[in-house]
Amino acid sequence: MSKKEWPLWEVFIRSKAGLNHKHVGSLRAADAEMAVENARDVYTRRSEGISIWVVESKNIHASDPAEADSLFEPADSKVYRHPTFYDVPDGISHM
Amino acid sequence: MRALFDYVLKLGDDSLILGHRLSEWCGHGPILEEDIAMTNIALDLVGQATTLLTYAGELEAKGRDADALAFLRFDREYRNLLLVEQPNGDFGVTMMRQFLFDAYRLPLFERLQNSKDATLAAIAEKSLKETKYHLKHSSEWVIRLGDGTEESHQRIQEALNTLWRYTDELFQEDDSEKELVALGIVPAISEIRDAWKSNVDRVFAEATVTIPSNNWKHSGGRKGMHSEHLGYILAELQYMQRAYPNMQW
């Protein structure tokens, strides 16, 4: 018997209408169809979702953790990018 | 009504015994994902068995509930198909057994939704959703294995060679069922057979497996005449209830 492993897939679940798909974990499957079914069986057996996306893990391109300093730290000193400097008049709802 | 009790008992026993068989895979699946898939299906079937046997107990009106029917009958009183009590074998045998059964259950539940018996119709409607998924799962595996490697093809073909002889029993209709058909409670078995055959032919063509030409067909489960395998299943299934009567958890 060969010990070759099936490809790895990342699973994203939409928990209810209007919300976005969130990454919930990964699994192994031979093809996309099997990946969706496995995701259904492994990740939605307690009614966690209404929609499933699967992406083969090799197709995900990630940022390099070693570059985190140069990528993300510069934003830390730029609080003015948050819209927190406006006075909201009383009586304005849905802000 | 005696005929309806018998019929619901048959459906319930099919679900119970196949559910138990599948549950034997728990912790032994070829991969974690498939292990969970098979136990999910087992739980669906045990759930169906609970509903069906509860209803059978009500129809009988002798005070037997689902547990009494599931755990406290003798082997000759079980009415399940011989197909569902067959051993798991390798994964191919399990998937082939499941496919042959799911392909029969789907058209059956589809038609039972329109049963003149409201409870049976409601049970069929709920179970149909589960069965659709079971059939999708099992037919994809039959195709994947049949159209896969040389070894997987050979194994799924052998599985079909072993199990085909039990499929005739799926479509045997006794007098009490004919009575229910006449009352509009149960669909004619010929309709189920046609739907089953066309589905089976389509999947086998895609899986490149061929129906064996042996003509000897086994039957008897529906009448309580079982293979030797059922006794072992019941020994395990009934042990707790026999050893500790009325125990619950």
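Note that the coordinates shown come from a computational prediction; the quantities given were computed from them, not determined experimentally. Letters A, B, ... are given to chains in the order of the sequence lines, protein chains preceding strands, and every chain is numbered from 1.
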Please assess R155(B) against E158(B) for the test salt bridge (Lys or Arg N to Asp or Glu O under 4.0 Å), listing each intermediate value before the final yes or no.
CA-CA 5 Å; R155(B) 284 183 181 232; E158(B) 278 168 14; over 6 Å; no
Tell me, with the steps shown, if E10(A) and W53(A) meet side-chain hydrogen bond (donor to acceptor under 3.5 Å, both in side chains).
CA-CA 8 Å; E10(A) 300 301 322; W53(A) 285 353; over 6 Å; no
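Ring planes of Y133(B) and H137(B): parallel class, angle under 30° (limits at 30 and 60°).
Counting heavy atoms from C-beta on, the side chains of E33(A) and E140(B) come closer than 4.5 Å. Within the 4.5 Å cutoff, no side-chain heavy atoms of Y55(B) are placed close to those of T51(B).
Salt bridge status for D14(B) with K10(B): absent, with no side-chain N to carboxylate O gap under 4.0 Å.
Taking all atoms of both residues into account, the shortest heavy-atom contact from N59(A) to H61(A) is O-CD2, 3.4 Å. Nearest heavy-atom pair, H28(B) versus D35(B), reported as atom, atom and distance to 0.1 Å: N-OD2, 3.0 Å.
The stretch residues 79-105 of chain B places none of its residues near chain A, where near means some heavy atom under 4.5 Å from a heavy atom of that chain. Against chain B, the residues from residues 37-48 of chain A that qualify, each with a non-hydrogen atom under 4.5 angstrom away, are E37(A), N38(A), R40(A), D41(A), V42(A), R45(A) in number order. Applying a 4.5 Å heavy-atom cutoff, the residues of residues 37-50 of chain B that approach chain A are A37(B), N40(B), L43(B). Using non-hydrogen atoms only and a strict 4.5 Å limit, the part of residues 19-32 of chain A facing chain B consists of L27(A), R28(A), D31(A).
Around atom CG of N246(B), no more than 12 heavy atoms belonging to other residues, nucleotides or ligands sit under 6.0 Å away.
For Q154(B) and E150(B), the side-chain atoms include no donor-acceptor pair closer than 3.5 Å.
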